[in-house]
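Here the structure comes first, spelled out in structure tokens, and everything after it is commentary.
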Amino acid sequence: MDGTGQAPQGRVPLAVVVIDHAGRVSHWSSGARRLFGPPKEDAVGRPAADLLPVSGALPQEGPAPHDLEESLGGQLSYPAAGRARLDTSAGPRDRIDVLWWAYPLVGPGPERLLVLAVDARKLSGDEGPEVERIAPAFALHTDFPAADELARKLPEILPSMSVSESARIVSQVLELGYPVLEFSQHDRVPVTADWGVSRRTERKARRAQAARATALGVPSPRAPLDDADSAEDLEYAAVRDRLEFLNEVSGRIGSSLDLSRTIVEVSRAVVPRFTDVAGTYLREQVVAGEGFPEGAPDATTMWHRVALEHTDEPGRWDDVVPVGESMPFPVHTPFFQCMTSGDPVLVPYISEEMGNAIASQFAKRDIRPLINHRSMLVVPLKARNVVLGFMILLRHQERPVFNDMDRVTVAELAARAGLVLDNARMYTYQEAVAETLQDSMLPQIEPHMPGCDIATRYLPGTLLGRVGGDWFDSIKLPGARTALVVGDVMGHGLNSAAMMGQLRTAVQTMAALDLPPAQLLRNLDDLAQRLGDNYLATCLYAVYDPIVGELNLANAGHIPPVLVRAADGGSELLELPTGAPIGVGGVPFESVRVPVAPGDRLVMCTDGLVEVRGEDIGVGLATLCESAAHPAASMDDACDTIIRSLATRGGRKDDVALLLARLNGFEADDVAHWTFAPEPAEVPRARGLVRERLARWRLSGISDSAELIVSELVGNAVRHARGGPVQLRLVRSGTLLCEVEDTEHVLPTLLSAGPGDEFGRGLRVVARLSRAWGTSRTATGKTVWFELSASSR
């Protein structure tokens, strides 16, 4: 302000200084050099307080002004402004009256504070009328007669803008047909800079001028003093209201890492206090918890409408813009400009002509009744310079139109909301990855295996750590047997999960070789030694033979299983040689055979189910025995009973893997067994016995296929058995299992047979006709088996 109260027009050089979190200068503009003296090469890296020594703030009325020295220390957490005298290199006598504005910067970089400063004498008119003067501001209201001249002049007004960037902006403005108030490649400052001009000093000048006019008996050249004071109070009140609004909203958003809840919090924070309508759009990949390609979005990018808050009558928006819809946005719209530039777009008033132009870009929907004659702000929701979505804000005609201060305010809000959304997005994405990884490593257990039924449960230790080293498995073995496995890699996280995946794969591979339990654990320990000595694991491996009615178990440092007897309903912990954990090395493992009856239940779990910090593990094991013996209507109900009894206790931090197997066994009539001499005449006899037994079992529908395969396998066994007996066994259990055992140790393999070859076609016939087939070694030779789907005629 000059002495007449008129705002000076023109421009004046600004000193721009950026200060990092350590209070050192990281940017020193040419304006800073002119105002304060030191060149850029001497200023960058030095403490800001050394370059801008504060000799004291100008005296002002009312509360103390903001402290520039504190601001230079990088401790400021909100926009501030003030006036101070600074010493220069010429000495204390040559002091500069400086107006300053300080803005905290939020972002991943080291910069923490932006300081703008200007020589107050240039604003007061003391340097003469030839000096161009303007206070820093945001809106540029400059009219040029032609687009070419505007494109040429913009870089003069905005020095950071290139000529090519200016030409692109101007063409975009003319093409879109609505004003663009500001483009910038830098972060928005959160308040308008003229807040820092001392109004109290101006007030003193007005009062002095009014006093002189009264003494001379002439009218005051200004409006009444109380009117000016009232206007000033209103302005300060508006600033304070916006700061309070930002603080309040910042406290309300980000209360959780749930993406949907965060979106609702952001939408409800601005309606109706700041706007009448708020529509929130996110990239489809963000909503789905997926990654998306780098680079700016384009016209093919799909945006999902995730929230719509408004004060209009219910249902007005539902038909045209329903929540849950995904759509791309046309190029020639303010929405596209916002998402591609990453900058807010302000349209103070949408006229009918402008509304028609925007609405014409959308096919099969008329949005004109929703946007015409309203004020609009389109604000990007971005984090780490990536646009995750945007918000469309609309005000009714009855409210003041959006202005630059509104745009800056909502841009600050959107910046905070973008970070919160990005945190929620990354959490959702990581949770999805962790869950997918864990699900891929945990097998899909068949509920019905030969002679037994199985149910399982897996519980992560914490919601933030879904990936762990616990696993369970069931593996079909020759002879209608089933391997039951539970293991636990010590530790949590991806490394433990990766180790778990390796051990689980190794167990499946060695189980397919039909290794005895103790030998399998011995080999697994050797493998863990080769993989490294950073991890240990416990493992319980059991083989159930439903025909013999027996469990064969070996333990490597795992908690013992519980066996629930069907005869009396009692339960007991099976006493097994514990053994050392997998990975210790050099420790022998022992197997134990336990007879079981049809209906008995075997419970295997990891220690996370029974261990609670501060409690003896014996308490958990006793509770496990008690809950396992509880009657249940189904296997799933039995699992749920155990989980409720143990996993819901306070203090559980570890993962839980639970496997429950009901050992049904086979009825005597479901198994048929024959022994044949190694003579070719026995092959037709084998076919006849199979035909008779399948007719008795009402499985004549698969008799032809079964006879053909049995004839092939028994014939091969007779040919290669070296004089030993040939065993044939049929088992009826959902499917028909057939096993042919001989004394030859060499396993047969599929061969490629030519048109003239006499051999090599037998196993191809077996593979073609059977549901599944395989081979395994036994103590005395080998077994070849196959399965057929059981269907009666």
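Worth saying up front: this structure is predicted, and the values here are computed from it rather than measured.
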Residues Asp526 and Arg530 bridged, charged N to O under 4.0 Å:
no
Short N-O contact, Lys782 and Glu744, less than 4.0 angstrom
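No salt bridge links Lys782 with Glu744.
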Closer than 3.5 angstrom, by distance alone: can the side chain of [X] be matched with the main-chain N or O of [Y] as a donor-acceptor pair?
{"X": "Ser496", "Y": "Val489", "answer": "no"}
{"X": "Tyr541", "Y": "Pro516", "answer": "no"}
{"X": "Arg662", "Y": "Ala455", "answer": "no"}
{"X": "Thr538", "Y": "His558", "answer": "no"}
{"X": "Trp697", "Y": "Asp669", "answer": "yes"}

If every non-hydrogen atom of [X] is compared with every non-hydrogen atom of [Y], which pair is closest and at what distance?
{"X": "Asp470", "Y": "Asp655", "answer": "OD2-O, 3.0 Å"}
{"X": "Pro546", "Y": "Phe666", "answer": "CG-CE1, 3.3 Å"}
{"X": "Ser571", "Y": "Val564", "answer": "CB-CG2, 3.9 Å"}
{"X": "Cys738", "Y": "Leu728", "answer": "SG-CD1, 3.5 Å"}
{"X": "Gly418", "Y": "Leu388", "answer": "O-CD1, 4.0 Å"}
{"X": "Ile547", "Y": "Ala480", "answer": "CD1-CB, 4.4 Å"}

Applying side chain to side chain donor-acceptor pair (under 3.5 Å), can you list everything that pairs with Ser770, at least two apart in sequence or on another chain?
none
Any side-chain heavy-atom pair of [X] and [Y] under 4.5 Å:
{"X": "Val690", "Y": "Leu730", "value": "yes"}
{"X": "Leu540", "Y": "Pro561", "value": "yes"}
{"X": "Glu787", "Y": "Lys476", "value": "yes"}
{"X": "Val718", "Y": "Asp742", "value": "no"}
{"X": "Ser789", "Y": "Ile702", "value": "no"}
{"X": "Val306", "Y": "Val286", "value": "no"}
{"X": "Val485", "Y": "Trp471", "value": "yes"}
{"X": "Asp670", "Y": "Ser733", "value": "no"}

Gap separating the [atom1] atom of [X] from the [atom2] atom of [Y], nearest 0.5 angstrom:
{"X": "Arg644", "Y": "Cys639", "atom1": "CZ", "atom2": "SG", "answer": "11.0 Å"}
{"X": "Leu609", "Y": "Leu646", "atom1": "CG", "atom2": "CG", "answer": "4.5 Å"}
{"X": "Trp674", "Y": "Arg729", "atom1": "CH2", "atom2": "CZ", "answer": "11.5 Å"}
{"X": "Leu503", "Y": "Asp473", "atom1": "CG", "atom2": "CG", "answer": "12.0 Å"}
{"X": "Met604", "Y": "Thr456", "atom1": "CE", "atom2": "OG1", "answer": "12.5 Å"}
{"X": "Leu576", "Y": "Asn555", "atom1": "CG", "atom2": "CG", "answer": "5.5 Å"}

Quiz: residues 584-601 side-chain donor-acceptor pairs under 3.5 angstrom, not counting sequence neighbours:
{"from": "Ser591", "atom 1": "OG", "to": "Ala518", "atom 2": "N", "distance (Å)": "3.1"}
{"from": "Arg593", "atom 1": "NH1", "to": "Glu550", "atom 2": "OE1", "distance (Å)": "2.7"}
{"from": "Asp600", "atom 1": "OD1", "to": "Ala566", "atom 2": "N", "distance (Å)": "2.7"}
{"from": "Asp600", "atom 1": "OD2", "to": "Arg565", "atom 2": "NH1", "distance (Å)": "3.3"}
{"from": "Asp600", "atom 1": "OD2", "to": "Ala597", "atom 2": "N", "distance (Å)": "2.9"}
{"from": "Arg601", "atom 1": "NH2", "to": "Ala628", "atom 2": "O", "distance (Å)": "2.8"}

Flag for Asn716-Glu712: side-chain donor and acceptor within less than 3.5 Å
yes
Could you verify whether a donor N or O on one side chain and an acceptor N or O on the other, from Asn664 and Asp453, lie under 3.5 Å apart?
yes
Taking salt bridge (charged side-chain N to carboxylate O under 4.0 Å, His left out) as the cut-off, I'd like each qualifying pair that reaches into residues 481-494, sequence neighbours left out, listed once.
Arg481-Asp514
Audit row: Cys605, Val656, side-chain contact (heavy atoms from CB on, under 4.5 Å) steps and yes/no
CA-CA 7 Å; Cys605 66; Val656 170; 5.8 Å; no
Between Thr623 and Val610, is the side-chain contact (heavy atoms from CB on, under 4.5 Å) condition met? List the steps.
CA-CA 8 Å; Thr623 306; Val610 296; over 6 Å; no
Would Thr780 and Glu741 count as a side-chain contact (heavy atoms from CB on, under 4.5 Å) if you check the C-alpha gap in whole Å, the side-chain angles of each, and the deciding distance to 0.1 Å?
CA-CA 9 Å; Thr780 58; Glu741 181 179 340; 3.6 Å; yes
If you draw a 6.0 Å radius around CD in Glu626, do more than 12 non-hydrogen atoms from other residues or ligands fall strictly inside?
no
Please assess Phe786 against Leu769 for the test side-chain contact (heavy atoms from CB on, under 4.5 Å), listing each intermediate value before the final yes or no.
CA-CA 9 Å; Phe786 68 89; Leu769 296 179; over 6 Å; no
side-chain contact (heavy atoms from CB on, under 4.5 Å), paired with Val603, selected from Val562, Leu659, Leu574, Leu563
Val562
